[in-house]
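The analysis underlying the following values was restricted to heavy atoms, covering all of them including side chains, and did not include hydrogens, waters or symmetry mates. Since the structure is predicted, the reported quantities are computational estimates derived from the model, not experimental observations. Letters A, B, ... mirror the listed sequences (proteins, then strands); counts begin at 1.
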Amino acid sequence: MERLRQRADFLATATGTKVPAAAFVLQARKRSDEGPVRFGFTVTKKIGNAVERNRVRRRLREIVRHAKAARMCAGHDYVLIGRRAALTHTFARMAEEFEAALRRMHPEWQGNTSIA
RNA sequence: UCAGUCGGCUGGACGGCCGCUCCGGCAUUUCACCGAAAGGUGGCCGGGGAGGAAAGUCCGGGCUCCAAGGACAAACGGUGCCGGAUAACGUCCGGCGGGGGCAACCCCAGGGAAAGUGCCACAGAGAGCAGACCGCCCGUCUUCGCGAAAGCUUCGACGGGUAAGGGUGAAAAGGUGCGGUAAGAGCGCACCGCGCCGGCGGCAACGCAGGCGGCACGGCAAACCCCACCGGGAGCAAGACCGAAUAGGAGCGGCGCGGGACGCAAGUCUCAGGUCCUGUCCGGAUCAGCCGUUCGGGUAGGUUGCUGGAGGCGGCGGGUAACCGGCGUCCCAGAGGAAUGGCCGUCACGCAUGUGGCUCGCGCUACAUGCCUUACAGAACCCGGCUUAUAGGCCGGCUGAUAUG
RNA sequence: GCUGCCGUAGCUCAGUGGUAGAGCACUUCAUUGGUAAUGAAGAGGUCCACAGUUCAAUCCUGUGCGGCAGCA
């Protein structure tokens, strides 16, 4: 999984479309090139102390790792902003929410995948 | 057994599936991808992978750079009983002094207020080399009453004595007792306190006993200050190496040369700067621009610093202890938008609820279900401390009370 | 990583070792036919928390909590 590392990438992605969920907010932005999908994670200090912030980021990362790659479009940057509910919600429920958020993010792809 | 106090340890266990990162080995190693470059990423196997506080950043060091001839001082900041430990410390250990507690034990902190400056509100008569408000006593005068008188007694005024008692205050001119006195008072005596002197014990802080002095010297220096000791500054984003584009610097080569007027333009006319060769004139070169190329500095970026160390463990020796010495053994996290994880199963612990048993009751115990899967909390150059947070569990020393033998 | 500042009434801020104030806001009364303005009176405080120094702490010292700002 390619990771976003530069602050400029995060700022650029923040201008794209946003899809809120209970445990996170999903942001996406199409890049000009057709490179691989890249992911970034943002967990602010408002969420909690360092232990809780680390835990939110790790759970979100595992959700992305287990998600179906077909939903994600190449040449896009995604940013997941953690919320405090990511500490307590069950893993299966959060994975479901992530799939739903990807469907809302790319409605034109829903038809393609159902046909395929 | 109960209550207390001090110290130490621990901080869930086992397993399955899927991942992350570092190290080592093998393979690839003229390979593939990203990048302008520096450089980075990519396979398989094995091994390692958060804490007692990793936290707060309150101190002390190592390390690195900067500054500085050396030492001292000034300014500023810090520390402060004595001795020891240590690389060092504001830390630790042992002892001294004061306070609290029946005790185990706990808490506090230098000297100087007779070097100087300053503050001590309110209350109170008097508060800094301080004081007679009430009171007590004496004398004179007056007044009430008793009395034959001497005298006693009551009210008041004036003069004086007095620091015992009352009252104010955080603090009131050493404290308690006896004597003494008109009443009192270190006025005298005893004990305690205080000061001075020399003696003894102790490395020292200090302690012990003795003599002398009738007491002179209130508190605050976490108020200024004096004394002694310590401190050059910055911090791994330190520093080192590699190194685009753009702008700027230097060298070389080529082309070109400033201002004004007229003109659509080509061009024409006119005026002319700095430096050098020459002091002046003339003449010449060159600069006031552009392009190319080379060089050095250096930004973004990359690599490194980066983990073997005042290191851990075991037993031995020295020391009351903190700690030290030597021996054996082990290698034990190194990320970089930041790895050390996600999901699941079983068990242990804990909590809650229900049911059964024991019990007057508190409660104890067995089973079932549910919850938390643990409290506080995440390395960021590395160590030694301090402080703060912390569910539950375990071990040991000591003290007091009670019971039994 | 390093450094500085702040925390006082509902809000914005003074303040000093000796029982804590200002402006706005709030309540009541007066004024007006009524409202505003104005005038008078009043209420409201763990001086961020805990220890220590002091006779006495909002102030001095230490520790903690929260907030703001700066440098590299």
Side-chain angles (χ1 to χ4, degrees):
Chain A
M1 173 170 46
E2 285 267 326
R3 297 283 296 277
L4 291 180
R5 294 183 191 282
Q6 299 297 315
R7 174 174 166 79
D9 290 335
F10 282 85
L11 290 178
T13 309
T15 64
T17 50
K18 298 174 193 162
V19 176
F24 53 86
V25 174
L26 178 66
Q27 296 177 332
R29 170 179 161 270
K30 183 168 173 54
R31 278 176 288 138
S32 53
D33 59 292
E34 287 296 318
V37 174
R38 296 197 301 176
F39 266 93
F41 300 92
T42 296
V43 185
T44 66
K45 278 195 176 174
K46 274 197 281 186
I47 301 300
N49 59 22
V51 173
E52 289 172 331
R53 293 201 303 272
N54 274 344
R55 188 167 179 81
V56 165
R57 179 170 39 75
R58 285 163 176 162
R59 296 191 86 194
L60 292 178
R61 196 176 60 202
E62 285 295 304
I63 283 167
V64 171
R65 194 170 66 83
H66 285 106
K68 299 184 185 94
R71 297 282 184 200
M72 305 167 206
C73 307
H76 277 70
D77 284 344
Y78 295 90
V79 169
L80 279 169
I81 301 172
R83 307 176 102 170
R84 200 169 166 76
L87 283 174
T88 52
H89 283 193
T90 64
F91 193 76
R93 177 176 166 191
M94 287 167 61
E96 189 117 344
E97 283 179 355
F98 182 64
E99 292 286 326
L102 279 178
R103 277 196 298 274
R104 287 183 56 193
M105 181 68 73
H106 304 296
E108 71 278 9
W109 266 56
Q110 196 169 3
N112 292 351
T113 48
S114 60
I115 290 169

Item to check | Nearest-nucleotide 5' precedence on RNA chain B, Asn54(A) against Arg57(A) | outcome: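 Its nucleotide being nearer the 5' end, the pick is Arg57(A).
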
Next on the checklist: I need the CD1-C1' distance between Ile63(A) and C20(B), as an integer number of Å.
Outcome noted: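 It is 17 Å, rounded to the nearest whole Å.
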
Checklist entry - What is the per-nucleotide protein-contact pattern of nucleotides 341-346 of chain B, from the 5' end, where B denotes a base atom under 4.0 Å from a protein heavy atom, S denotes such proximity for sugar-phosphate atoms only, and - denotes neither? => result BSS---

Partner nucleotide, any strand, of [N] [Watson-Crick/G-U, under 3.5 Å]:
| N | result |
| --- | --- |
| G165(B) | C134(B) |
| G77(B) | C230(B) |
| U353(B) | A368(B) |
| C194(B) | G213(B) |
| C225(B) | G112(B) |

Item to check | Mutual orientation of the aromatic rings belonging to Phe39(A) and Tyr78(A) [parallel < 30°, tilted 30-60°, perpendicular > 60°] | outcome: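 Because their plane-to-plane angle is under 30°, the rings of Phe39(A) and Tyr78(A) count as parallel.
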
Checklist entry - Under a 4.0 Å N-O cut-off, is there an ion pair linking Glu62(A) with Arg58(A)? => result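 So Glu62(A) does not pair with Arg58(A) through a salt bridge.
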
Checklist entry - Are Val25(A) and Leu80(A) close enough that some pair of their side-chain heavy atoms sits under 4.5 Å apart? => result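 In short, these two side chains do not touch, never coming nearer than 4.5 Å.
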
Checklist entry - With sequence neighbours left out, what residues match Gln27(A) under side chain to side chain contact (heavy atoms under 4.5 Å, CB included)? => result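 Partners of Gln27(A) under the side chain to side chain contact (heavy atoms under 4.5 Å, CB included) test: Thr13(A), Ala14(A), Lys18(A), Val79(A), Ile81(A).
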
Item to check | Arg104(A): partners by side chain to side chain contact (heavy atoms under 4.5 Å, CB included), with sequence neighbours left out | outcome: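 Result, side chain to side chain contact (heavy atoms under 4.5 Å, CB included) vs Arg104(A): Val19(A).
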
Item to check | Glu96(A): partners by salt bridge (charged side-chain N to carboxylate O under 4.0 Å, His left out), with sequence neighbours left out | outcome: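 Once residues adjacent in sequence are excluded, Glu96(A) has no partner under the salt bridge (charged side-chain N to carboxylate O under 4.0 Å, His left out) criterion.
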
Could I get a table of every N or O pair under 3.5 Å where one atom is in the protein and the other is in nucleotides 41-43 of chain B?
none

Checklist entry - Can you pull the salt bridge (Lys or Arg N to Asp or Glu O under 4.0 Å) pairs that have at least one residue in residues 48-57 of chain A, sequence neighbours excluded? => result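 Only Glu52(A)-Arg84(A) qualify under salt bridge (Lys or Arg N to Asp or Glu O under 4.0 Å).
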
